[in-house]
Q: 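This is the structure I have questions about; it appears just below.
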Amino acid sequence: MKLPDFTFQLATRIEFGEGYLSHAGAEAKKLGITKAMVIADKGIIACGIVAPIEASLKAEGVDYVIYDQIVPNPRDIHCIAGAEFAREHGIDGMIAIGGGSSMDTAKAVGTLLANGGFADIRKRVYTFPKMGEKAYFIAIPTSAGTGSEVTFDAVITDTEAHEKLNILDIKIAPKVALVDPTVLKGLPEKVMASTGVDALIHALEAYISTDANLFTDAFA
């Protein structure tokens, strides 16, 4: 099979291992983050997953604030509020814990911060040539199927037009993904099963696609 011409680029370093939640502080310090915005929904915080991350930040002397206004299918209004929260607290990095909603919110917040000002995010979709390296981002997934920890795409709901918009730029990808398999043990059985099947189906559909090739087969 002859491979087609293509471009392949990954911006995210993946760190995989049991107990890697506790590496968040060291990774933040390595990136030069002095004050982090920890982004997680109230459920993730309540179940204790954020606690070891907080402990690791404290151990490394990295200041942080928590932003928990995360909803499924992130809304533009929550992303704008998150960016304003980040500006008020002087953050210079983000740590998003959870599924796609937390990570997409972080990507949108980073976009607004890096572009300066807090203009209407509805006018800032698709590509961002001015995106800089001003808001470092660590992603920590808590389910098997999201994939958001290594992508450079965020889906944001426009609350006025009632449609979903995409932010798409390689520079919004997380710098580091901390993938800790022990997190899955604390998930409700239904969530663990559904996200596991989600990950499996993504691999299967890539493998049997009529556009599959040797390169995609290797990943599938």
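Remember, it's a predicted structure, so these values are computed and weren't measured experimentally.
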Q: Quick one: ring-ring contact (aromatic ring centres under 6.0 Å, His included) pairs with a partner in residues 181-205, sequence neighbours left out?
A: none

Q: In Å and rounded to the nearest 0.5 Å, what is the NZ to CZ distance from Lys175 to Phe137?
A: 11.0 Å

Q: Roughly how far, to the nearest 0.5 Å, is the OG atom of Ser101 from the CZ atom of Arg75?
A: 8.5 Å

Q: Taking only residues two or more places apart in sequence, or in another chain, which ones meet Thr12 in a side chain to side chain contact (heavy atoms under 4.5 Å, CB included)?
A: Val150, Ala173, Pro174, Ala177

Q: List for me each residue that meets salt bridge (charged side-chain N to carboxylate O under 4.0 Å, His left out) alongside Glu149, sequence neighbours excluded, and say none if there are none.
A: none

Q: Pair Glu15, Arg13 - check salt bridge (Lys or Arg N to Asp or Glu O under 4.0 Å), show working.
A: CA-CA 7 Å; Glu15 297 288 342; Arg13 172 168 52 89; 2.7 Å; yes

Q: Around atom CD of Glu163, are there more than 12 heavy atoms from other residues, nucleotides or ligands closer than 6.0 Å?
A: yes

Q: Apply the side-chain contact (heavy atoms from CB on, under 4.5 Å) test between Leu57 and each candidate in Ile95, Asp63, Ile33; give the one that qualifies.
A: Ile95

Q: Under 6.0 Å from the NZ atom of Lys190, do we count more than 12 heavy atoms belonging to anything else shown?
A: no

Q: Looking at residues at least two apart in the chain, or sitting in another chain, which of them share a side-chain hydrogen bond (donor to acceptor under 3.5 Å, both in side chains) with Asp153?
A: Asn166

Q: Any ring-ring contact (aromatic ring centres under 6.0 Å, His included) involving residues 21-43? Give me the pairs, sequence neighbours left out, ordered by first then second residue.
A: Tyr20-His23

Q: Cluster partners of Val71, using ILVMFWY side-chain heavy atoms under 4.5 angstrom, listed by chain and number?
A: none

Q: Please list, chain by chain and in numerical order, all residues satisfying ring pair (Phe, Tyr, Trp, His ring centres under 6.0 Å) with Phe219, sequence neighbours excluded.
A: Phe8, Phe215

Q: Sort and list the pairs that fulfil ring-ring contact (aromatic ring centres under 6.0 Å, His included) and have at least one residue in residues 93-113, not counting sequence neighbours.
A: none

Q: Please name all residues satisfying salt bridge (charged side-chain N to carboxylate O under 4.0 Å, His left out) with Glu205, sequence neighbours left out, ordered by chain then number.
A: none

Q: I'd like to check the side-chain hydrogen bond (donor to acceptor under 3.5 Å, both in side chains) partners of Thr151; sequence neighbours left out, ordered by chain and number.
A: Lys107

Q: Excluding sequence neighbours, so at least two apart, what forms salt bridge (charged side-chain N to carboxylate O under 4.0 Å, His left out) with Lys30?
A: Glu27

Q: Applying ring-ring contact (aromatic ring centres under 6.0 Å, His included), which residue pairs with at least one partner in residues 158-187 are found, sequence neighbours left out?
A: none

Q: Does Asp92 come within less than 4.0 Å of Lys35, counting only side-chain N to carboxylate O?
A: no

Q: Counting only heavy atoms not in Phe152 (residues, nucleotides, ligands), do more than 12 fall under 6.0 Å from its CZ?
A: no

Q: Would you say the side chains of Asn73 and Thr157 form a donor-acceptor pair under 3.5 Å?
A: no

